[in-house]
Amino acid sequence: MDSIPMKSPSAKHFQKQILDDYFDRLASARDRGQKVVYTFVPGNLTELILSFDLLPVYPEVNALQSALRGDSGNFVKRAEMAGHSEDVCSYVKCDIGMMLLGNTGPAGKPLPPPDLLLLSYTGCFTFMKWFENLAALYDCPIALLHVPYQAEGGVTPAMTRYVVRQLEEEIIPAMARVSGRPYDPEKIRAMCALAAQSESLFVRCLESAQHVPSPIDSYFGGVFYMFPIFTAFRGTLEAVKYYRLLLEEIEKRIRENRTAFTLEGDLPEERYRIVVEGPPNWTHFWELWKLFYRRGAVVVAGSYVRVGGIYDNGFRHDPDHPLESFARYCMGCYTNLSVPARVDLLTRFMEDYKADGLVVHSVKSCNSFGAGQLLILKEVEKRTAKPCGFIESDLVDPQYFSRAHIKNRLDAYFQMIDERRAYHDRNPGH
Amino acid sequence: MTLPDFDRLKALWEDPEFTEVAHWQARHPGAPVVGYLPAYAPRELVYAAGGLAVGLWGAGPQVEIIRGDIYYQSYICRLPRSVLETAPALGAFSGVIFPSICDVMRNLSGMWQILFPHQWAAYLDLPQNFSSETGGRFFHETLIDLATRILGHPPDAAYSQRLAQAIALTNRQTDLFRRLAGLRSKFPWKVPMDEWYTLLRSALVLHPEAHIPMLAAYLALAEKRDSRPLDHIRVHLAGAFCEQPTIGLLKTIEASGCYIVSHDLLLGLHWFTAPLKETGDPFESLVDGYLNRSGPAPFKYCGPREKAETFLALVREHRADGVIFAAPSFCDPSLLDRTLLREALETHGIPSASFKYAENTCQYSGIAEVAGTFSDSIRLWPKES
Amino acid sequence: MIATLGIDLGSTTCKAVLLSKEGKVLGRGITNTRADYRVSADIAAREAILDADLALLGSLGRLSTETLTLTERRLRLAGFRRRLQILHQALCRVMDRTAAPGLADLARDVDKALDAGDASNGAHSRVLDQIMDRSLFFRDIALALYLDAARLRGSLDEETLATGLAKALAATENTVFSKALDETAATDLPPAVRPLIPKLAAIRPRIAGQIGTGYGRALLPFPETEIRSEILCHGKGARYLFPDARTVLDIGGQDTKAIQLDENGLVASFFMNDRCAAGCGRYLGYVAEELGIGLTDLGPLACTACRAVPVTSTCTVFAGTEVRSLLYAGEKQEEVLLGLHRAVVLRALSLLARSGGIFDALVFTGGVAQNQAVVRTLKEYLAKDHADLTLHIHPDAVYTGALGAALYALETL
Amino acid sequence: MSLCGCDVGTGAVKLAVMAEESHDLLFCCRETLRKKAPETAVNRCFDAAARAGFPLDGFSYIAATGDVTAVTARTGTFFAMTCHARGARHFSPEAMSVLDIGALHMRAMVLDPRGKILSYKMTSQCASGMGRFLENVGQYLGLGFEEMQALSLASEDPSPLSAVCAVLAETDIINQVSRGVPMADIVRGIHDAMAQRAVKLLSTAGLIPPLAVTGGLAADQGFIHALSQALSASGLGLSLKTHETSPFAGAIGAALWGGTRLGSLKKQVGSR
Ligand SMILES: Nc1ncnc2c1ncn2[C@@H]1O[C@H](COP(=O)(O)OP(=O)(O)O)[C@@H](O)[C@H]1O
Ligand SMILES: Nc1ncnc2c1ncn2[C@@H]1O[C@H](COP(=O)(O)OP(=O)(O)O)[C@@H](O)[C@H]1O
Ligand code: SF4
Ligand code: SF4
Ligand code: SF4
């Protein structure tokens, strides 16, 4: 073994390494005296948190990882026993249930309780209720950042000013109090610069799917690619390194004209290029993926890999104006966009990524994504004249995944595309 | 003086064609008519523009939903469906205000832009930061934008003057609401629940100028009413700030032995705990009202301890024996607030009961059972000392 | 001659259609799917073949309509009696021994009822009409026969018998037995027909391709390539029946589908109801059962009402209770039923709207298309918003999916 | 004179006759409601009572609960949960929680030592996994109430049910039959699904053991067995009480409340 020269590790391997390391640091945070901040993925303030030498914890990520491991059903049930309604978002219930059952994190190690709840009120109202509930369970300070909604499809100076002021008056002082450190503008600047690098690399990775055949699956594979940038690593060297490795691998695939990677090796034939709107189902993630790739469908673009923030429109963290760029970042995340803006974005994806159709995956939990999705579907259908499909399940409550129902709809959807293709082959003029 | 014609009042808001609004419009040609969704909107901005603000609080059970179901999956509450169902009747409205209370409402504002491009759809981002310099300033700017929308041009000095008058007007209305609530809380048998509710709800469709005299007259009569109290418990009803239950449901609760002595139904109409300032910059008065004088609400952030305390204070103020949590199905803000509040009650030994409803829930037997058992458990086994 | 077979394995019924190479429907078969899916598919297919055989006989021997009808009656009656036999044996097995003498009596009574019906020869007999009616299944008719007989005799406790019958029926429905003509070649077939039977085998079409579709298609013993989504099949079938079809509404037992076709007949978009069975055929069936009204009587009964009492429960199970409590509160039965049907139509309309609206010609398919009250209410609503729309309902509406499947099978030949 | 309690549920009418002084149960009967008007079923119950020697005019108080309008002869009415709590306490005085599971509803109640209902939860809106559902399945499978219990108890490898909907589950069950799953395992799978719903409801209400089960399903040993297993599996203290009269708890409780009211009425009359 020793005689084999160390090759640079694969992106996947490297990701595992940094994630393991992160969970180790979390597990030992208490003992080492490092403070922990719980916060949300959309529009997160990772650079700011890290600059105070605080460790971020993302309850949504814990919830989805619990679901991938098959634990979420129990957690959700536990929270419902504690009085939470069946109707509300299952992320919240999974998180609360996990906490009530000992707060063992995704790595099997106990998670430290929060020293600060950073309620970045971005793109979803449930966040507020979620942390209000957590604050009642943990006895710790809570800092709220209200992020205004891009209702009219844009950001006004008043909106930016509002967010920046909150950062200055509420968020930064709260972090300083908890960490016992002052705000360090130099550190922030450096991290913003690194963040911008990762962001550019990440965008290139995602855009690789414009190639035919697509070298990646931008949804089922994409959710793993997005982890480092949307969680604890944006603004660090690790993230830059990860996305470099990833991009190299993807570019190699393109050179070799390879199709997207699936659970069972490369996709034998790229038959359908799909854009997906909505978050995935985590309890039956692999099963759902199979329903796509077994039919030769690859997801070339989607909204979910942009939940944390959108970089496709040219946004980058700005070392020269860090607070303004944080504000713009928060306001720009996908679920903070108006419905017409979401339609525009998806329509553009359909064109840029040469997609055959749009599939909307609607999850019972999430009104932020869900309310209006049917109109979005109709509008994209109208504007692109491409077939759109619709499936339903949930994020982390396994009860709501019905394989038969989803398969039934996807079967019909893909066969519908086949029919159209066959017809156009027979009647080329049309 | 006579009692208002309650049947007519009910018909006003149950009318999916908004005939009353059309009549008003015919009498006031050119005046703007603006719709607003739950739970709070600064109606004064519309009145100051000489217009009529119309609360779009759902169309009730009698409207058959077809169009509304096109856009909503089964796990979303009924309110936006029935609003969309009646939307074509709003053709003459100049715009609609969507207060920021939940994601459903938020997204509806964008859907409106697509579906009804001839109207403006204004999303009203209520700040969750309550410092007057930060949240206040943002809200001030938001209000100016909204006024600009309503007027079609930026507000001028004359408008500000009219706005001050409008604030005085709604102050009179909310004062009457407060007196009505006070009377009900003291002598629930003098103000039957359906009358109370009808008076509140008709304020969604009527201009305050038409509504206030009626309210005042009712109050004078009700105070003198001599009806007999029933052996009922006193409850606070929480969670219904947005989608509204039917009057039948409210009556069922009452018939099952519970006097609803306070509630958050139609919250935005009566949530200011004190009158708004009638002097100074009227926009600032609205801002100050929202930041400092508004009561608790599930869509308004406040620290969890403060939330529990204000809630307990409310329950005590009305000497409620217990709380009934009635939340619209699939309403995240209401349902997630419930767990917090229920725990607070539990630690203070205040009993509570809960159920879900939709605005078309017309089968009341389960609800009667919940409310009835609640009443029984308090009446038949008096509190141990 | 070669033909293709399309099988639509639905949640409540299984349909089969036999199609000639030229695209002509040769035979149709239908059965309920309470039992084993494979058995159901088999029975439906055999029924379709039998149906085709009957048609062939007509062309073979230039038989009169009367003779043909008589032949069909004989065949169906013979089949029915054989199943009754199996049922009876099963019943004896599952019932308490002490009931045995009573059971024997009942079997005799049932037989007599059948004989009497047969003897009426041409004149109408209720039980024979039922046996000939494709929308009624063995289960329903046999159950009614037995229970009627028991009521007349008053010998056995009704509830015990009902439970026993249910159990015996489950066993009976899992037994396949052939109804093909040559095997049944019953002695009592009309004389003109008997000599034709041997010739039939020679000209009977050979099934050269088959496609399965429907809710339970994954359970069909078919390879993946012989399976098609019911959306496509319904679209294709509807287009075959009505070349101008643009929008298809299918209401079956457990799902409702709204399908849009483009000008070339290709599926452009579709929507299906979500997981809850509310608003579909079972919603009506469940309430019919609760009230003790026959499924086929439900529609006509509702049609006698001139106003509808709203039924707000979307839950199938609670709708049953709501209907009962409305009746109890003094509402007229037919008006409540009309309300129930209206609820089904409303759901269907929003699904249609969700799939993109209604274009030109709407084709209504599925079992519920046979329900007059649903059709009437649907027409009323359509008249409001789509005055110039044509609503197509084919007598073969329930076979649309199977027909589409058979058409797809033709394409694979 | 005796007390009469009549519980008009959604699945069945239950009637109980109790001695006014000793509160001994003298008679009880049950009449299912399928395809019958509630009034008919109520009358049949009263007829049965009369045949057993308890005619209508021998009752000093007729207490109705449930769909009370069907009991035309009623003296007074009480709410269902109030009755079930009282009835459960009557036969299991140590019970601190009560689960009432009937045809369409499930109710969980937690009591204080005096029998006061501290908290309760009730299913609504969706009838999946209740008694009526079991009855339907029985009809499909051709199994009677008793047979289902025996089968369920005999199952070794329960087959989980994927759809919880009372209607869609039928299809699910047919699927299972198709695949050759033994009847016993199917039935047990259903009992398990029901038990899980019950456990969830109980824990939301804040279950305190011991638990008394009332309502029609209390008579279903298969369900009771599944419930006790589900309770211990979820770590909720286990001690389950049922009694042969459990299905009549609502009627018994109503009769007892009738007795209480009668006492205070008499006092009022006496003091006049
Ligand atoms: N003759 C009839 N009259 C009224 N309704 C009928 C009739 N026949 C069938 N139905 C309805 O049709 C439904 C079955 O439709 P079908 O399309 O066969 O369903 P699936 O394809 O799901 O098995 C039944 O639930 C029933 O409500
Ligand atoms: N002897 C029995 N025969 C049939 N079902 C029974 C019997 N005993 C109990 N059950 C079950 O009890 C249920 C009815 O329970 P019950 O408490 O009487 O209902 P409800 O109070 O809702 O009317 C039935 O649905 C059935 O599952
Ligand atoms: S509602 Fe949606 S965005 Fe909000 S917490 Fe739940 S899953 Fe996340
Ligand atoms: S009822 Fe609740 S979820 Fe629905 S719009 Fe109102 S606040 Fe939002
Ligand atoms: S039981 Fe009723 S509400 Fe529940 S899923 Fe089934 S049909 Fe729907």
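All chains are named by letter (A, B, ...) in the order of the sequence lines, taking the proteins before the strands, and each is independently numbered beginning at 1.
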Inset, instruction - Tell me, for B:S256 versus chain D, whether the close heavy atoms (under 4.5 Å) come from the side chain, the backbone, both or neither. - result: both
Inset, instruction - Check whether the side chains of D:R197 and D:T123 place a donor and an acceptor atom closer than 3.5 Å, and report yes or no. - result: no
Legend entry - Between D:T260 and D:R86: side-chain donor-acceptor atoms closer than 3.5 Å: yes
Inset, instruction - Consider only side-chain N and O atoms of B:T246 and B:Y364, and report whether a donor and an acceptor are under 3.5 Å apart. - result: yes
Legend entry - Among the listed options D:G115, D:S119, D:G66, D:C83, the residue most often paired with chain B at heavy-atom distances under 4.5 Å: D:G115
Inset, instruction - Under 4.5 Å heavy-atom distance to chain D, tell me which part of B:T373 shows up: side chain, backbone, both or neither. - result: both
Legend entry - B:F374, part contacting chain D, at a heavy-atom distance under 4.5 Å: both
Inset, instruction - Would you confirm whether D:S97, through its side chain, and D:I208, through its main-chain N or O, come within 3.5 Å as a donor-acceptor pair? - result: yes
